[in-house]
Amino acid sequence: MTATLRVSNLSKTYGSGDHAVHAVRNVTFESDAGSFITVVGPSGSGKTTLLAMVGALLQPTEGVIELDGRDVSRLSGRQQAQFRREGVGYVFQSNNLIPYLTARENLLLMRTISGKNGREGRERAEQLLDELGLTSRADAVATELSGGERQRVAIARALMNDPRVVLVDEPTASLDSERGKQVVESLVREVKGRNKLGIMVTHDMAMAEMTDRILEMRDGEMTERNRPSIPDASA
Amino acid sequence: MIGLIEIKRRKMQFALIGLIVTLIAYLVLMINGLGVGLNEQAGSALENFDADALAYSDGAGLSVIRSELGADVVERAQQVDGIDAAAPLGYVAANYRYGDGDVASAAFLGYDPGTVGEPDVVDGRPLEADDRFGLLADSAFLDNADLSVGDTVPISLRLDTIEFEIVGEIDQGNFFFQPVVYLLRDTWQELKYGPDPEEGTPIASIVLLQGDDLVGDYDGFEVVSKSVAFDNIEGVSGQQATVTALRWFGYLIGALIIGSFFYVLTLQRIVQIGVMKAIGASGLFIFSQGLMQVVTITLVGLAISVPLAGVTDWALQQLPDPVPIAFTTGTYITTSISLLFAAALGALFSARQVARVDPIIALGQQQ
């Protein structure tokens with residue numbers, strides 16, 4: 001399935017009048033499935049707010065977000081939850097696995113909340129655990145996993161429901177640079193290999209350089225960042 | 001079923017609340033058992049009357065102690081429209097001596113053999129019309145006094161002491177917290193009003209009535225249902241109000257403690273709830289996991305406390321002075337369902353908190 005994301009004139013403003021804070025201002029960009037974008041910028045630049053709007057965690061003040069031609073910027077609360085279950089996969093900054101569940105159970109949770117328990121889900125969980133090198137750790141409780149293992153489980157969880165877009169928030173924040181690099185490599189490989197669209201927010205340029213395209217946020221505004229070369233991350 | 005998995009993996013955390021729920025369930029069960037036991041002591045004999053309604057004298061305020069019915073009133077009561085059968089019954093409390101001169105009191109009920117007022121005899125024989133000084137004694141009376149059928153017992157009233165022979169054993173319960181003893185109504189009249197009663201002396205305290213639609217005010221007497229008569233036994237309404245208040249406090253405390261525990265648990269899990277919402281879980285799904293935990297913990301608490309209450313009941317009955325406590329299947333079922341309901345109600349405290357969690361916190365942003 002080709003996932004085309006089109007973001008048009010997107011803005012998010014908190015408060016009003018003199019106290020208004022323009023977190024995101026008039027952002028426009030497009031991307032196709034099979035690509036991985038990184039949004040970089042300093043703290044408070046609006047990159048996480050942008051990610052939250054694309055992932056239906058926040059409603060924009062203005063503008064449109066279209067995924068496969070469907071406007072997802074004005075969904076009701078229930079529609080947002082369904083979109084987050086089926087259309088989006090999240091990898092959070094601190095992995096945020098359910099601590100008392102095993103790696104396998106964290107993956108199967110995605111099926112449970114979608115009401116899709118069954119053999120197909122279990123097979124998919126085993127396949128993802130295998131592809132991310134986690135089979136031997138499948139029965140380990142989340143708190144027993146290392147930081148890198150937890151992030152790989154988080155990646156597998158994000159892919160569990162076969163979403164069109166994978167949104168990644170500072171995935172290497174709690175990892176050393178070597179483990180961080182491995183995690184981003186896994187991310188880019190798994191997302192592009194499955195013909196998904198990946199969007200990662202980070203302030204780590206070394207990690208950003210591993211993706212196809214870098215967008216920079218500053219004071220809520222977006223600019224395309226020129227790069228000397230684009231590595232073939234799917235190789 | 002991640003709620004159940006959490007209980008399994010965090011045993012110590014949930015064992016604490018499980019223990020508290022068990023103790024609350026045990027406490028409420030004991031209060032309810034005490035309520036049933038006290039009611040049995042107060043008037044199980046009345047509940048065992050083979051009657052649909054009872055007739056009391058006017059102005060007695062439905063008190064068996066104050067009610068006195070003359071022959072004319074008893075005759076009118078026996079002819080109320082819709083009546084199938086009727087029997088006058090006399091009541092008086094009297095002392096008896098047993099053992100080494102110990103004194104105790106019993107509820108003496110005077111009846112006429114062959115009427116609906118006659119109790120079933122479980123041992124020995126029924127009273128005959130010429131058993132002037134014969135008694136049918138309740139099992140509790142015999143146990144307390146260490147007497148058996150065939151023994152004699154001295155009964156004291158009005159400065160007289162008369163030897164009575166126990167001719168039969170009955171299982172009729174208690175009246176006014178005393179075991180009941182049945183004797184002939186003529187003997188009862190003699191005990192209460194003295195020998196050779198004058199004309200016009202009351203011949204009964206109440207009349208037992210069988211039939212439909214008998215309740216109402218009549219000339220010289222009033223008829224009430226057996227349940228109304230029970231509620232009007234001296235002290236019963238106050239006792240029931242006390243037990244009911246204790247029972248409701250038990251449920252309230254249960255709901256508050258369980259609710260507070262899960263509220264704190266919800267506050268501790270705010271980020272986790274935010275993450276679950278961010279990955280698409282509905283508030284209802286998340287709340288249902290918490291509710292499942294509440295129901296499971298309460299069921300475990302009940303599974304421990306119900307047999308514990310049964311054992312306590314047995315142990316208390318072994319005491320020299322048994323505690324007035326009694327359990328019925330209905331007590332266990334009613335208490336269990338009520339406590340489950342109270343626990344679920346307590347869990348609702350957390351529902352609003354769950355609904356308020358914004359999934360954006362999964363991205364590390366403030367709500």
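Since the model is a prediction, treat every value here as computed from it, not as a measurement. Proteins get letters first, then strands, A, B, ... in listed order; numbering begins at 1 in each.
- Open room surrounds OH on B:Y263; 12 or fewer heavy atoms of other groups in view lie less than 6.0 Å from it.
- For the pair A:R84 and B:P359, the minimum side-chain heavy-atom distance is below 4.5 Å.
- When the heavy atoms of residues 110-125 of chain A are compared with those of chain B, the residues falling under 4.5 Å are A:M110, A:T112, A:I113, listed by number.
- When all heavy atoms of B:A278 and A:F92 are compared, the pair lying nearest together is CB-CZ, 3.7 Å.
- When the shell of 6.0 Å around CG of A:D219 is examined, it contains 12 or fewer heavy atoms from other residues, nucleotides or ligands.
- Ranked by heavy-atom pairs under 4.5 Å with chain B, the list A:L108, A:L109, A:L167, A:N161 is led by A:L109.
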Next on the checklist: Walk me through whether A:R85 and B:I279 qualify under side chain to side chain contact (heavy atoms under 4.5 Å, CB included).
Outcome noted: CA-CA 6 Å; A:R85 269 197 305 273; B:I279 61 176; over 6 Å; no
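- Rounded to the nearest 0.5 Å, atoms CD1 (A:I98) and CD1 (B:I273) are 9.5 Å apart.
- Using a 4.5 Å heavy-atom cutoff, the side chains of A:P99 and B:Q272 are in contact.
- For residues 3-18 of chain B, a heavy-atom distance under 4.5 Å to chain A picks out B:I5, B:E6, B:R9, B:R10, given by residue number.
- The side-chain heavy atoms of A:E105 and B:I2, taken from C-beta on, include no pair separated by under 4.5 Å.
- If you measure heavy-atom distances from A:T143 to chain B, you find no contacts under 4.5 Å at all.
- Within a 6.0 Å sphere centred on CZ of A:R74, other residues, nucleotides and ligands contribute more than 12 heavy atoms.
- Residue contact with chain B, scored on non-hydrogen atoms closer than 4.5 Å, is absent for A:E86.
- Chosen from A:D169, A:V141, A:V201, the residue pairing most often with chain B at heavy-atom distances under 4.5 Å is A:D169.
- A:M205 CE: more than 12 foreign heavy atoms inside a 6.0 Å radius.
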